[in-house]
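Here is the structure we will look at, set down as structure tokens.
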Amino acid sequence: MAFTIETKLKIKDKYDAFIALSYIEKDKDKIIRKKRDIERTQNNLLYDFVLTEVEKEYRGSNIDSIISYINKEIENNKLSKDDLALIDKNNQRLINWIYCFLKKRRHNFNFEKEKTLEFRISFNSNNENNLYIIRFNEIVNYIKELNQLKYNKIILIKKLISEYNEIYKNDSIESWIEKNNKDKIIPWAFNYIKNELDQDIENELFNVLCLSDKHAVILSFFDLYDDLTYKKYHISNMKKAWSQKKLRDKNKDRKAYSFVMDKDIHKKLDFLSDLYGKTKNEIVQEIIQEKYYSLQNKD
């Protein structure tokens, strides 16, 4: 270099380079082109790339002073712990939904007019310890590294949380699962989704290693529905299928019988059914069982 620069640029990654570029270059078309250059540049070459841009843009100026301003911009555009605390990492369903939303929706997400953020997801969904906390860390890392200014990232976080809250207000799947035996209903519901709705659900969302993962996938699958009517339709069909399964299981060791009885038996069965709060089948079965065992005891 023809002159000495004492102040070093604080360029550690592509995001730092993007912030520096946003400060240096004001022409939108040039920013877009140079953003692509940053994406193609290896991390160990980013420092020289940005420094070259500074020297070209500010030739004859106090470069050290310019670099100090750029370093401040880089620091000011980093997300703080308070910014990231907007995402409640203790809310597993929220974390799983954001993770799946970002992983599955590979289109642009509009936040404001003329402001579009592009998601380029490269999540590692095959980790052996693919628990929700790993998904949370991947979300945080993705947002941190996103080539957007800080205020756009905060808009992104708030938009995601707002959308999730709307979904959660219309929730019906979790309460249904809670009313049933989780050890039975969760594996069944997971298999129902794979067989009837989406055979690639694990590839599209995340791998399943245990019962809690299956539970999370079921919730995330329905949380991702855009059309509320379509979502309700499929949940309703799944609930009906579960009810039919329980009925089949209940009647598995039973047999249908046909008897001809006096006309007044019908009214008497109705009376006994109402009195004891049991079905007619249960009343008849109990009477037969009691009579049978009383005769057995006499012997």
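The basis for the numbers below is simple: all heavy atoms, side chains too, and nothing from hydrogens, waters or symmetry mates.
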Checklist entry - Quick one: does Ile98's side chain get under 4.5 Å of Tyr164's, heavy atoms only? => result no
Item to check | Minimum heavy-atom distance Lys214-Val208, with the two atoms named | outcome: CG-CG1, 3.2 Å
Checklist entry - With a 4.5 Å limit on heavy-atom distance, are the side chains of Phe49 and Ile11 in contact? => result no
Item to check | Evaluation steps, salt bridge (charged side-chain N to carboxylate O under 4.0 Å, His left out), between Asp213 and Arg135 | outcome: CA-CA 12 Å; Asp213 274 346; Arg135 295 173 202 134; 3.2 Å; yes
Next on the checklist: Walk me through whether Asp37 and Arg40 qualify under salt bridge (charged side-chain N to carboxylate O under 4.0 Å, His left out).
Outcome noted: CA-CA 5 Å; Asp37 291 338; Arg40 291 192 290 264; 2.8 Å; yes
Checklist entry - Is Ile167 reachable from Leu86 through a run of I, L, V, M, F, W or Y residues, each pair having side-chain heavy atoms under 4.5 Å apart? => result yes
Checklist entry - Is any side-chain heavy atom of Ile154 less than 4.5 Å from a side-chain heavy atom of Leu79? => result yes
Next on the checklist: Would Ile74 and Asn71 count as a side chain to side chain contact (heavy atoms under 4.5 Å, CB included) here? Give the steps.
Outcome noted: CA-CA 5 Å; Ile74 291 172; Asn71 287 340; 4.3 Å; yes
Next on the checklist: Tell me whether Asn77 contacts the main-chain N or O of Glu73 through its side chain, where contact means a donor paired with an acceptor under 3.5 Å.
Outcome noted: yes
Item to check | Ile24 vs Tyr58 side-chain heavy atoms within contact, under 4.5 Å | outcome: yes
Item to check | Sub-4.5 Å side-chain heavy-atom contact between Trp176 and Met238 | outcome: yes
Next on the checklist: If the condition is side-chain hydrogen bond (donor to acceptor under 3.5 Å, both in side chains), which residues does Ser175 pass it with, not counting sequence neighbours?
Outcome noted: none
Item to check | Heavy atoms from other residues, nucleotides or ligands near CD of Glu75 exceed 12 (cutoff 6.0 Å) | outcome: no
Checklist entry - Out of curiosity, His215 NE2 to Ile177 CD1, how far, rounded to the nearest 0.5 Å? => result 4.0 Å
Checklist entry - What distance do Lys78 atom NZ and Asn76 atom CG have between them, rounded to the nearest 0.5 Å? => result 10.5 Å
Next on the checklist: Walk me through whether Leu21 and Val50 qualify under side chain to side chain contact (heavy atoms under 4.5 Å, CB included).
Outcome noted: CA-CA 7 Å; Leu21 176 66; Val50 174; over 6 Å; no
Next on the checklist: According to a hydrophobic-cluster definition based on side-chain heavy atoms being under 4.5 Å apart (Ile, Leu, Val, Met, Phe, Trp, Tyr only), do Ile38 and Leu45 belong together?
Outcome noted: no
Checklist entry - Would Trp242 and Asn180 satisfy side chain to side chain contact (heavy atoms under 4.5 Å, CB included), going step by step from the backbone distance to the final call? => result CA-CA 10 Å; Trp242 173 249; Asn180 290 276; 3.1 Å; yes
Checklist entry - Hey, what do you get for CD1 (Ile265) to CZ (Phe259), rounding to the nearest 0.5 Å? => result 12.5 Å
Checklist entry - Phe18 and Tyr151: same hydrophobic cluster, using ILVMFWY side-chain contacts below 4.5 Å? => result yes
Item to check | Glu55 and Leu51, any side-chain heavy atoms less than 4.5 Å apart | outcome: yes
Item to check | Glu166: partners by side-chain hydrogen bond (donor to acceptor under 3.5 Å, both in side chains), with sequence neighbours left out | outcome: Lys169
Checklist entry - Would one find more than 12 heavy atoms of other residues, nucleotides or ligands at under 6.0 Å from atom CD of Glu57? => result yes
Checklist entry - Do the ring planes of Tyr233 and Tyr230 sit parallel (below 30°), tilted (30 to 60°) or perpendicular (above 60°)? => result parallel
Checklist entry - Do Phe136 and Gln92 touch side chain to side chain, with heavy atoms closer than 4.5 Å? => result no
Item to check | Check: Asp64 main-chain N/O paired with Asn62 side-chain donor or acceptor under 3.5 Å | outcome: yes
Checklist entry - Does Lys72 NZ have over 12 foreign heavy atoms under 6.0 Å away? => result no
Item to check | Within residues 170-179 or reaching into it, pairs that qualify as salt bridge (charged side-chain N to carboxylate O under 4.0 Å, His left out) - sequence neighbours excluded | outcome: Arg93-Asp171, Glu178-Lys182
Next on the checklist: Applying the side chain to side chain contact (heavy atoms under 4.5 Å, CB included) criterion to Leu269, which one of Thr279, Ile283, Ile287 satisfies it?
Outcome noted: Ile283
Checklist entry - Distance from Lys246 atom NZ to Asn181 atom CG, nearest 0.5 Å? => result 10.0 Å
Next on the checklist: Using the rule that Ile, Leu, Val, Met, Phe, Trp and Tyr join whenever any side-chain heavy atoms are under 4.5 Å apart, tell me whether Val260 and Val284 fall into a single cluster.
Outcome noted: no
Next on the checklist: For a quick test of reading the model, state the closest non-hydrogen atom pair linking Leu94 to Ile87 and the distance between them.
Outcome noted: CD2-CG2, 4.5 Å
Checklist entry - Which residues satisfy the ring-ring contact (aromatic ring centres under 6.0 Å, His included) test with Tyr192, sequence neighbours excluded? => result Trp188
Item to check | Ion pair Asp198/Lys194, N-O distance below 4.0 Å | outcome: no
Checklist outcome for this item: Heavy-atom nearest pair, Lys153 first then Gln148, reads CE-O, 3.3 Å
Next on the checklist: For Phe222 and Tyr225, take the angle between the two ring planes, folded into 0 to 90°, and tell me which bin it lands in: parallel under 30, tilted 30 to 60, perpendicular over 60.
Outcome noted: parallel
Next on the checklist: Show, in sequence, the C-alpha distance, side-chain angles and deciding distance for Lys231 and Asp227, and conclude whether the salt bridge (charged side-chain N to carboxylate O under 4.0 Å, His left out) test is met.
Outcome noted: CA-CA 6 Å; Lys231 173 182 176 179; Asp227 189 324; over 6 Å; no
Checklist entry - Roughly how far apart are Ile70 CD1 and Tyr23 OH, rounded to 0.5 Å? => result 6.5 Å
Item to check | Inter- and intrachain pairs under salt bridge (charged side-chain N to carboxylate O under 4.0 Å, His left out), touching residues 271-289, at least two apart | outcome: Asp270-Lys280, Lys278-Glu286
Item to check | Results of side-chain hydrogen bond (donor to acceptor under 3.5 Å, both in side chains) for Ser172 - residues two or more places apart only | outcome: none
Checklist entry - Nearest heavy-atom pair of Ala189 and Ile218: which atoms, and what distance? => result CB-CD1, 3.7 Å
Checklist entry - How about Asp16 and Lys10: do any of their side-chain heavy atoms sit closer than 4.5 Å? => result no
Item to check | Shared hydrophobic cluster for Leu228 and Phe101 (ILVMFWY, side-chain gaps under 4.5 Å) | outcome: no
Item to check | Lys158 atom NZ, over 12 foreign heavy atoms within 6.0 Å | outcome: no
Checklist entry - Do you know the tightest heavy-atom contact between Tyr15 and Lys150? => result OH-N, 3.9 Å
Checklist entry - Between Asp83 and Ser80, is any side-chain donor less than 3.5 angstrom from a side-chain acceptor? => result yes
Next on the checklist: So that I can tick it off, tell me whether Lys14 and Glu39 are bridged by a salt bridge, with the cut-off set at under 4.0 angstrom between side-chain N and carboxylate O.
Outcome noted: no
Checklist entry - Which atom pair, heavy atoms only, marks the closest approach of Leu84 to Lys144? => result CD1-CE, 3.6 Å
Checklist entry - Is the number of heavy atoms from other residues, nucleotides or ligands under 6.0 Å of Lys35 NZ greater than 12? => result yes
Checklist entry - Taking it one step at a time, do Leu160 and Ile157 satisfy side chain to side chain contact (heavy atoms under 4.5 Å, CB included)? => result CA-CA 5 Å; Leu160 289 171; Ile157 293 171; 5.8 Å; no
Next on the checklist: Using 0.5 Å steps for rounding, measure from the CD1 atom of Ile143 to the CG atom of Leu102.
Outcome noted: 6.5 Å
